[in-house]
Amino acid sequence: MDAKTYNAQLAELRVLRDGIRKTQATLEKLETDRARRITALAGYEKAKAERIAPAAGLSLADIVAIAPILAPDRLITAAQPNPAPVPPSPEPAAPPSPAVSALEPAGETALPGGTEPAQEQAPSRAGTVAPAMTRPAPETAAEPELPSAPSAPASEPSSALAPSEAAPPAAQAAQRTLPGIPEGPDGDRWFAHTANLASTHPNFTQQARSTVFLDTHTGVLVHRDQTFRIDLPTASAAEILNTVFHVLPGGVERIYITAGAPWHRQADQHPFLKDTVGAWLNAPAPGWRTDTGRGKDRMAGHFVHPRNPVGRYQREHGEQHVEIRSAGEWFDTEGTEPAVIRDAFVLLWKALRRHWPDAVLMGSPSQTGRDLWTRTIPTKGQYADGYPVLSEELRGLFHTTAGQGRTELITPPHVPAQLPALVEYDRTFAYAKHTWKAGVGTPRRVTAATFASWSQKEQTKALFACGHWHVRVTVPDTWTHIGILPAPAPGDRAWHYPATPGTTFTTWAGGPEIHTALSNPHTPWKIEILDGILFDDGKPLDDWSKKLKEAWSSLTAQADLNGDPDQRTAAHLAARAVRALLLYGIGAFAQRPRTVTGTTPRTMERDVPPDAEIIGFDDQTITWQRPTGFTRDPNAHPEWAAHIWSSARAALLSQRHRDDNTYAGALHAPPGTIVAFRTDAVYLTQPQPWPHHGQPGDYLNKGHLPGPIPAPATEDELLTLRDRGRAAHHAAPTPGRA
């Protein structure tokens, strides 16, 4: 073979590669549609896997894996229960230049939630807490139920919620095993901080960016107190940039899209939204090139996200830098005029300035929230030198073993096929309830032998403290309620909540969840400590959180009392933005391994990094990504995010309201009434007497849809019922509604 033949066959191979990718994308869409149809059929009372399998062209095991509710009794008996859904992976970024650029902070995808401190869970009678721990149940117990966790859904764009049921043995074989800490000196070396890396108070002031608000559907453009109407026939990035700069010759630095989603206009031409968004960002923009970043908050390249992308541009021959962003990063903008959204940002800035004289609104709530937190780091006292960052090994362990919000759909027969009602309770500003303490100092390792040597008082104190525990869990033989502790399931970072009596599994969990398992109002679970990471209790987030809560309370009051409808809406949106600052700010602490993305011209294919994965291409460019591990982020504190997330999941199950001398949460509802969890919300079949005083963490009744209603079998069905329930509840509020 000569060089000419070699190059010719390489070209043919590339053509085959392109054709295969397009065919795979089409196949994935068809398989996703098939899985959804199978799930819908499974909701029929007399549905049988034996009839659906040949119609779908799948085996019986495949059908049961998609719709576990159809599993024959022999499979249910033989299998361990509760496979969980595989959450969708974060969308990769795809900058259009050959230069490499990093993703936005991973915290921008964090999920809402929150929980009471572990000390405020339901009380239990004294019992011995040993490395294998059990506790007697409280004096009062309710009748439990028997739900399970969701099954793994089909590939993108399937929903994060899927029906619950037992999995066939084949699925169990793929069960994910969580890593542990190495024995001996190798593991002990993990318990240290990264040298010369700490979160410190900044010695600079952020610079404000000139900002405009644009509805690309109507062409309304708002800049300060001026309103313009512009024509955007194609709403391409180049057209937006050139038109805005024509109207405002002095230029702007940030363009918030409030409506119109121009990056979705050609969605019918691409298999997935991320491809549509990537094509929109990568389209030629004469006179502009991809921004390579500047300043202390340097961010290079575009950020591809299916709903809230970021385009960063710079004049080819000039110093003008501009971002095109979605205002949806901050709050839901649907139906709101650009001028009202501008007012919301002004109100937000004023509310923050009362607590941070140097507060500046950056591009995203994640960036802004974490920047504001750094300005609460003490400059005197114990942590004047900052909060040290954990070793890369411990950060990696937290990344792998600390899940986020609980997302679960419970389907028949664990709930009625016809629900008597669907009632939604959502925890108000939930994360703000649980930032009052977090782990500080050098972490300590607590082995099984060490834990066993402690007294019951010492063991209890350790579980109340900020820690992360490797445990072996056994569901009680008499258990008939929902699952309590998250367990690893097949797939990357997937979790489910085993509830079948007698099930034993190994997992990592925080103290709040373990305490809930031991002191729940039904039957204590058996918990065996295998290993643990224990911190000193501190308050690194308390000052930051209190200031945000005060800003939120002030804006919420304005939204309730202002007589101007537009100003009420603006104040409401500003309050939602404060929630986003805390929510995504906490998510930003959970540093994840960085994935770097880039694009290379098709004519320079040899320049694609050899360890890169090709994630997209068109006639001009190849888009690729490759992992680069953890960066030296001085504000990486996954231990704080993990503690709050654990608290969030625990509060969905049980939290005490001291002033009302009562408890709220799913474990305090009758068995068989829990339909779903969505991060900081729980859906039930009947109303509950849970108090709501408008405080962070309170359960707010947001929706009530009277039945009978067919039990939802998919996330889309649940969300449809949720929206109907909210509309019905708003139209006819129930007595005593907060």
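Index from 1, following the sequence. Just so it is clear, the structure is predicted and the values come from calculations on it, not from any experiment. Reckoned from all heavy atoms, side chains included, excluding hydrogens, waters and symmetry mates.
- Scanning both residues, Leu232 and Ile240, for their nearest heavy atoms gives CD2-CA, 4.2 Å.
- The side-chain heavy atoms of Leu541 and Thr376, taken from C-beta on, include no pair separated by under 4.5 Å.
- With contacts defined as side-chain heavy-atom distances shorter than 4.5 Å, the pair Phe398/Glu639 qualifies.
- Taking the six-membered ring where the residue is Trp, Trp640 and His637 present parallel rings, their angle staying beneath 30° rather than reaching 60°.
- Here the closest heavy-atom approach between residue Pro309 and residue Leu281 is recorded as CB-CD1, 4.4 Å.
- In terms of modelled atom types and a separation under 3.5 Å, the side chain of Thr216 and the main chain of Ala259 share a donor-acceptor contact.
- The line from NE2 of His704 to CG of Leu684 is 10.5 Å long, rounded to the nearest 0.5 Å.
- Judged purely by atom type and a 3.5 angstrom limit, Thr685 has no side-chain atom pairing as donor or acceptor with the backbone of Leu422.
- Within the 3.5 Å criterion, the main-chain N or O of Gln688 finds a donor-acceptor partner in the side chain of Tyr425.
- Looking at Ser364 and Glu329, their side chains never bring a donor and an acceptor atom within 3.5 Å of each other.
- The aromatic ring centres of Phe589 and Tyr584 sit 6.0 Å or more apart.
- Taken from CG in Asp566 to OG1 in Thr336, the straight-line distance is 9.5 Å, to the nearest 0.5 Å.
- The pair Arg722-Glu424 does not meet the salt-bridge criterion, since no charged nitrogen lies less than 4.0 angstrom from a carboxylate oxygen.
- Side-chain contact between Leu582 and Ser545 is present, with at least one heavy-atom pair separated by less than 4.5 Å.
- With rounding to the nearest 0.5 Å, the separation of CD in Gln206 from OG1 in Thr368 is 8.5 Å.
- Salt-bridge formation is not detected for the pair Arg568/Asp564: no Lys NZ or Arg NE/NH1/NH2 atom is positioned less than 4.0 Å from an Asp or Glu carboxylate oxygen.
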Verdict with supporting geometry, Ile674 and Phe677, side chain to side chain contact (heavy atoms under 4.5 Å, CB included): CA-CA 8 Å; Ile674 312 300; Phe677 294 96; 3.8 Å; yes
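- Closest of all the heavy-atom pairs between Ala664 and His657 is CB-NE2, 3.7 Å.
- Side-chain contact annotation: Asp698 with Thr428, donor-acceptor N/O pair under 3.5 Å absent.
- In this structure, the side chain of His302 engages the main chain of Arg312 through a donor-acceptor pair within 3.5 Å.
- Residue pairs meeting the salt bridge (charged side-chain N to carboxylate O under 4.0 Å, His left out) criterion with at least one partner in residues 372-383, sequence neighbours excluded, are Asp358-Arg375, Asp371-Arg375.
- Here the CD-CG distance, from Glu717 to Leu409, works out to 8.5 Å after rounding to the nearest 0.5 Å.
- Residues Leu348 and Leu581 form a side-chain contact, since some pair of their non-hydrogen atoms from C-beta on lies under 4.5 Å apart.
- Scanning all heavy atoms of the two residues, the minimum distance from Phe331 to Ala344 falls at CZ-CB, 4.2 Å.
- Around CG of Asn661, the count of heavy atoms belonging to other residues, nucleotides or ligands within 6.0 Å does not exceed 12.
- Ser326 and Asn308 share a donor-acceptor pair across their side chains, judged by distance under 3.5 Å alone.
- With hydrogens and angles ignored, the 3.5 Å screen pairs no side-chain donor or acceptor of Ser646 with any backbone N or O of Ala642.
- The cationic atom of Arg579 (NZ for Lys, CZ for Arg) does not lie both less than 6.0 Å from the six-membered ring centre of Phe429 and within 45° of the ring axis.
- Between the Lys539 side chain and the Trp436 main chain, a donor and an acceptor come within less than 3.5 Å of each other.
- When all heavy atoms of Asp426 and Ala681 are compared, the closest pair comes out as OD1-CB, 3.5 Å.
- Side-chain contact check for Tyr256 and Trp330: at least one donor-acceptor pair (N or O, by modelled atom type) lies under 3.5 Å.
- Residues Thr227 and Leu221 are not in side-chain contact: their nearest non-hydrogen atoms beyond the backbone lie 4.5 Å or more apart.
- Between Arg678 and Glu715 there is a salt bridge, with a side-chain nitrogen of the basic residue lying less than 4.0 Å from a carboxylate oxygen of the acidic one.
- Within the 4.5 Å cutoff, the side chain of Leu653 has heavy atoms near those of the Ile482 side chain.
- Atom CZ of Arg649 and atom OG1 of Thr679 lie 12.0 Å apart (nearest 0.5 Å).
- Taking the ring centroids of Tyr699 and His692, they lie at or beyond the 6.0 Å cut-off.
- Between the Thr720 side chain and the Leu718 main chain, no donor and acceptor come within less than 3.5 Å of each other.
- Using a cut-off of 4.0 Å between Lys/Arg side-chain N and Asp/Glu carboxylate O, Asp633 and Arg395 are scored as not salt-bridged.
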Please set out all donor-acceptor pairs under 3.5 angstrom arising from side-chain atoms of residues 547-558, sequence neighbours excluded.
residue : atom : partner : partner atom : Å
Lys549  : NZ   : Ala432  : O            : 3.3
Ser553  : OG   : Lys549  : O            : 3.0
Thr556  : OG1  : Trp552  : O            : 2.7

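- Side-chain contact of Asp659 with His693: a donor-acceptor pair under 3.5 Å is absent, judged by distance alone.
- Listed for the Asp660 side chain is no donor-acceptor partner under 3.5 Å among the backbone atoms of Thr662.
- In this structure, Thr673 OG1 and Gln686 CD are separated by 5.0 Å, a value rounded to the nearest 0.5 Å.
- Listed here is the closest heavy atom pair of Ala588 and Ser366: CB-OG, 3.6 Å.
- The side-chain heavy atoms of His223 and Ser210, taken from C-beta on, include a pair separated by under 4.5 Å.
- No donor-acceptor contact under 3.5 angstrom links the side chains of His515 and Glu513, judged on distance only.
- Side chains of Tyr387 and Pro378 form a contact here, defined as non-hydrogen atoms less than 4.5 Å apart.
- Not one N or O on the side chain of Glu323 forms a donor-acceptor pair closer than 3.5 Å with the backbone of Arg254.
- With hydrogens and angles ignored, the 3.5 Å screen pairs a side-chain donor or acceptor of Trp356 with a backbone N or O of Leu372.
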